[in-house]
Participant: 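Handing you a structure now.
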Amino acid sequence: MEQYEPRIIAFLCKWCSSAGSDLAGVSRMKYPPNIIPITVMCSGSVSPLYVLSAFRNGADGVLISGCHPGDCHYIKGNFYARRKILLLTELLNYIGMDEKRFKMSWVSAAEGAKFTELAKDFVEEIRFLGPQNKLIRGN
Amino acid sequence: MEVVIQRDSFPQLLEKLNRYNIWLPRKNGDYWEFKLSRGKESLDKKYTNTKLSPKKFVLPQTETLFQITEGENGKFNIDEKQKKDSLDIVFGIRPCDGVALSHLDKVFLNSFKDPYYSKKRDNTVFIGLACETPPFENCSCTTMGESPFSTKGLDILLKDIGDRYIVEYITDKGKKLFSGFPNLFGKITTKDKESLEKIKKESNKKIKKRVEDLSETTKKLDIMFDSDLWFHESQSCINCGICTYLCPSCHCFDINDEQLSKKPLNVKRVRTWDNCQFPIFTMHSSGHNPRPDKQSRYRRRIYHKFSYFYKTEGEHLCTGCGRCSNYCPAGINIFETLQKVAEYE
Amino acid sequence: MKRIGFFICHCGINIAGIVDIKKVVDEMKGYPGVVYSRDYVYMCSDPGQSLITDAIKEEKLDKVVISCCSPTLHESTFRNAVKSAGLNQFHCEIANIREQCSWVHTNRERATDKAIKLSKSAVERVRGNDSLEPIGFPVTKKALVVGGGITGIQASLDLANSGYKVILVEKDPSIGGHMIQLSETFPTLDCSQCILTPKMVEVSKHPNIDLLTYSEIEEVSGYIGNFKVKVKKKPTYVDPDKCNMCDECTKVCPVLVPNEFDLSLTGRRAIYIPSPQAIPATYTLDINSCPGFVPIACGKCADVCEVNAIDFDMKPEILEFEVGSIIAATGYELYDKKEMTSFGYGKYPDVIDSLQFERLCSASGPTGGKILRPSDHKEPKEIVFIQCAGSRDPELHCAYCSKICCMYTAKHAMLYKHNVHDGQAYIFYIDIRSGGKGYEEFVQRTIEEDNTLYLRGKVSKVYEERGKLKVWGVDTLIGKTIEINADMVVLAMATRPSAGAAELAKKLKVSLDKDGFFAEAHPKLKPVESITSGLFFAGSALSPKDIPECVAQASGAAAKSITILSQDKLYHSPTVAKVNTRLCTGCNMCVDVCPYEALSLEDNKAKVNEILCEGCGTCYATCLRAAIEIKNHTPLQVHNIINASLGG
Amino acid sequence: MVHIEDIKKEAKRLLKEKKIKYLIGYKRGTNGLTALPTFIKEPEDTDELIWEASCIQNLSRYLVEEKKEQLKNKAENTLPVGIIAKACDTRSIAVLLQEKFLERKDIYIIGVSCEYGGVIDQKKIKKKFRGKKPEKVIFDKTNNLLIGTKFGNIKVPAEEILAERCIECKSTFPLLCDDVFGENVKRKISEHFNSIKEIEELPAESRWEFWHGHLEKCIRCFACRSVCPMCFCTECVVDPIELAVTNESTAREKAEKVKWIERSTTATDNIIFQLVRTLHLAGRCIDCGECERVCPVDIPIRLLNKKMEKTALEKFGYESGFDINMPSLISNFKDEDPQDFIR
């Protein structure tokens, strides 16, 4: 039987987390290819609709990653993101979506290793949970 | 033709029919809806009427018309989603909703025969249940020229006379359905007929007649288009779609293509209910909206039901079931509007 | 219909080693919109770039996607190439299949699958991109410098000497700041006033500098290249053009108030000149202490003024300017003495702060350069200097190091010894921080040549007993308590941001750091820049600094200003927010969240100032009405990218 | 105690003295117990006003409509519109003011305190008085309500028939009022978030079954959205109310509308619609309960919003509808906002 391969969308802010994942590449660190990165300008620009849309289109997990508090390229975008994402997390959890499928992280441009660890752990967590079939479109 | 079946035999009847999809009214929380039968059960004596009308059996809210998929070699495969050959049997259709089915037939089976509707209509047996007591205060079938024992649109009508039902076959389809098991049915007696007449009379009496002669009343609509009645009647409307989505006769629909994947292409064409009370219903792509306010939308609803449809089809597109008025969040009552039309000078 | 060209780079074996290039090329060939798909070993090479430009022409491509390394490396390379072929730069997008794919994965099949998804995503991104041109806007070739201390003076002179007009605003009646109060400067011991006054004079004479003393910033609006500034010029009640500096007025003035310039060691009249070297050289009438604002009450100065320079009817003036850049150099002040009661400061006249000691050492000071006790004008024979008075004390005072105190205290001890040859100086210190050219040698001289006794430890209490100041402290090196009977105690007070900094920050709409200093845009790479383009900081308004550092930052900020002022037009990335006014309901939420003040409400609709907008998109994610989005980062693009990323 | 005669008198005065354009209030319903909205222009019509526990609706929704009409017709409002508002209704007006959709000068608020009561839950009444046809509900001075029926008045303990939201209500006294009737009473409240406790305590899978089961039924009549005073967007993100296009809109603008969900009434898209609505109401919903009341398929929508209300309060110390000058929940942050969920 073919092994189940989770599909994960990662919204990475351009200045910290995307750069951090670039660094993971430059440092030739290895992580599983299940995570498809989507670069956004700032974690603050990620609308909850993006997350829901990712789940709807078949994502098994969604990651949002931005700069550490205080390091935001846009000064405070990640603080707004933190609020919105917490609200979304609470809501998804409340309706019975597995909260582990949705994650937020701070990854700086220097944290290639952190990104690698995060990616590995997240893929394994999702692999353990299995396919997400609650918010799949058409259902 | 009329026969009789004991109330006690009803579960047996269901059992005999169990190779079909049998739908019975069942309570879901605070309201009734049609649910697939779980086997031996009876019609609940407390049953009033379903909140959502039975139109969904012939005109589902969402219906895939066909689906296009792109194959390996770039060829497209078109799948017409019309595989419905199994029979659906729906018990407990109130006569008003049966009348509504006859309205829908006029729309979908007359000048243009809608294949999707037609197929579903052919494969569904609608078994009515006459109202020995009108279930709601707003029941107004008599206003519409119908009765709680009307047979329009139905295949079979059951009439509850206490411990048994009088079974009236209306169509051949209906007659055929029960023909396989004659020993469940008995002959109708004079006594049965007498008690039925009594119940009928009682029931008719309980139903409020809102206007004396609806057709006379609605003739007034011809001169009322610019009346400020529409403004006042619709002032508390909130532009939701409850009245039309719950209405058994409303049948406006929209068709959309829904893309599931870009490459390989996977698209389906879907027909969904639409709603004239939504502001977007008449919105033009230019930004112009010929029915820009709720008074024009409410007026449209009344005119469609009591003027335009009447003029083309000879019937009012309303069965008096009362759903729109029972469940309107703002308490707008279509029958009160009709009364005001009647009083209009 | 869009004609999109797809190019994939092998990057030698960096990409091709893991990703099945051919499979990606084939897969992309069939993707909607892609009409051309090919690979090359090094896309960024000249032949690689020519492949793109040629294909644009031959295949009539209108958009291009290149799957290669991170866009941080070659996005601009490829966008320039695309531009040279006649397309708008935004019709080129990069899919990063090296750093985010081939370098981090090992499974060929799955890495290839991911490369395809990333490539499709880039196609979806480029599909939704509009042609955009950088937004150009003009620059007012004039700078505003706030603060007339050494930092502000240096910045103004550098700007003015480069040919730009400068408006220098100083809140006090004279420029010169704290440096003009100092005696000698470490480590060279040259006279502070002697080296500063020529610069002050140059400022006053410079044709490019408009000096506004006794003035404060009232309001700042606008943006880089186009700030609008309102300055309030307080009335001095003395017409500087008429005043001939005869000094008759001060002789008749009946009021005596503490002299700020001498830090209350002397007094001054209500009408006064701050110091002999004051620039502008004119008198100021301090209306808060003058009893005669109603001239009938006093008016003596006006009576004696032969040139009628005194004008009681002078009113505050609001002056408006347009400038292209702003440098805030608002400097520092000493820690509030009220906080230092345990050392007897404010209670005993002979416990003084470091600036007061500077005045005592200064030849122009109250004692003519002799070090005498304020209480009885006797020469102190034993003097205690206490370092870190308020600094490096996170529990009670300031957590940070005030940086300059180690050096000036060493200088004070040295100056004391040069003045009072038989005296003994003690210095209580935590550490001696003497990083800097010639600094360590200077401290060593203080210790060795001038026999200053450095005691490592803190002072717990200073109190007076029989005419002496008892200093209780501890020497942590020998582990014993120490008691010194001193004649005078000098506190090396912590430096704080100047009082007006917080208010100015509000007007400039920038944030302060946790200590109240201005916050630089980046602590290392943008040390004089603020988060607001066109606004710079310099000197001790940012953090405690000595003179050479202040001067260096002043020149740095001036140079940064010149990078703006020297442009005829400035350009700004066009990927900025765009409002759909038909959807906007004017709820103000985007205005609330915008970090750049780029949004405002006009006629109850959000309006974008494209020059201020940095395109972060926080407004989009906040807007409940989907009435605002970032150009070329539209929700539709993201929606399609999500779909493509998941294989749709 | 609130006396309807006082309200009528004031309403009459306002209309007579032309202080208000018209008054939005409650009149006796013709269909069951629930009071109906009425729009009174003439002073003599004020007699039809009622005030009792059946005045369930949040009439501020009609202020939104009035405003929209004004915007559409670019008309300048000359006189304020009068409105009879309960405590929760005034909070929704507060949010509308906070979001600058309404202007204070355009509204004249006649606040009515719910005192010890609140409004009734139609479903509870229906169950309790099956067949008795209740005609009106009268507030008692105590914790009881009197239900008027053909068989006379029946006394019922308030909590048995009050709407859940009223039982959990923080403050029964209206804010921002021009006139206010009734007293500001402190009443005992057991738990503000009692109604969601049960769901919160379910295991995740049961929570999913609960919500999936409910949202699957949604028929997209959009009554929840239509009745909500906070849903004043021109174009709803998930499914358009109307298209914000004009004759200047380009074809591309029209073509490139994002379809976050489809028209097909699939459970997934129903859920996404409600999730988006819930998120958009976070920090804005003031728990008037209208969405849940009007839902024809009995989806407990209020319990979604209640969860956000709880999160806003517990995590961010934010309460909606009390302060019109502060930034909204999501257009604001505090340095100490929780981040333990972030890795």
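We name chains A, B, ... by the order of the sequence lines, and we start the count at 1 in each one. Side chains included, hydrogens not; waters and symmetry mates left out as well; all remaining heavy atoms used.
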Participant: Counting heavy-atom pairs under 4.5 Å with chain B, which one of C:Ala644, C:Gly30, C:Gly647 comes out on top?
Facilitator: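 So the answer, after comparing C:Ala644, C:Gly30, C:Gly647, is C:Gly30.
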Participant: Is there any residue in residues 224-253 of chain B with a non-hydrogen atom under 4.5 Å from a non-hydrogen atom of chain C, and which ones are they?
Facilitator: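 Hits under 4.5 Å: none found.
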Participant: Is the CD1 atom of B:Ile223 crowded by more than 12 outside heavy atoms at less than 6.0 Å?
Facilitator: yes
Participant: So which donor and acceptor atoms of chain B and chain C come within less than 3.5 Å of each other?
Facilitator:
unit_1	atom_1	unit_2	atom_2	d
B:Lys262	N	C:Gly648	O	3.2
B:Lys262	NZ	C:Glu124	OE1	3.1
B:Lys262	NZ	C:Glu124	OE2	2.9
B:Lys263	NZ	C:Gly30	O	3.1

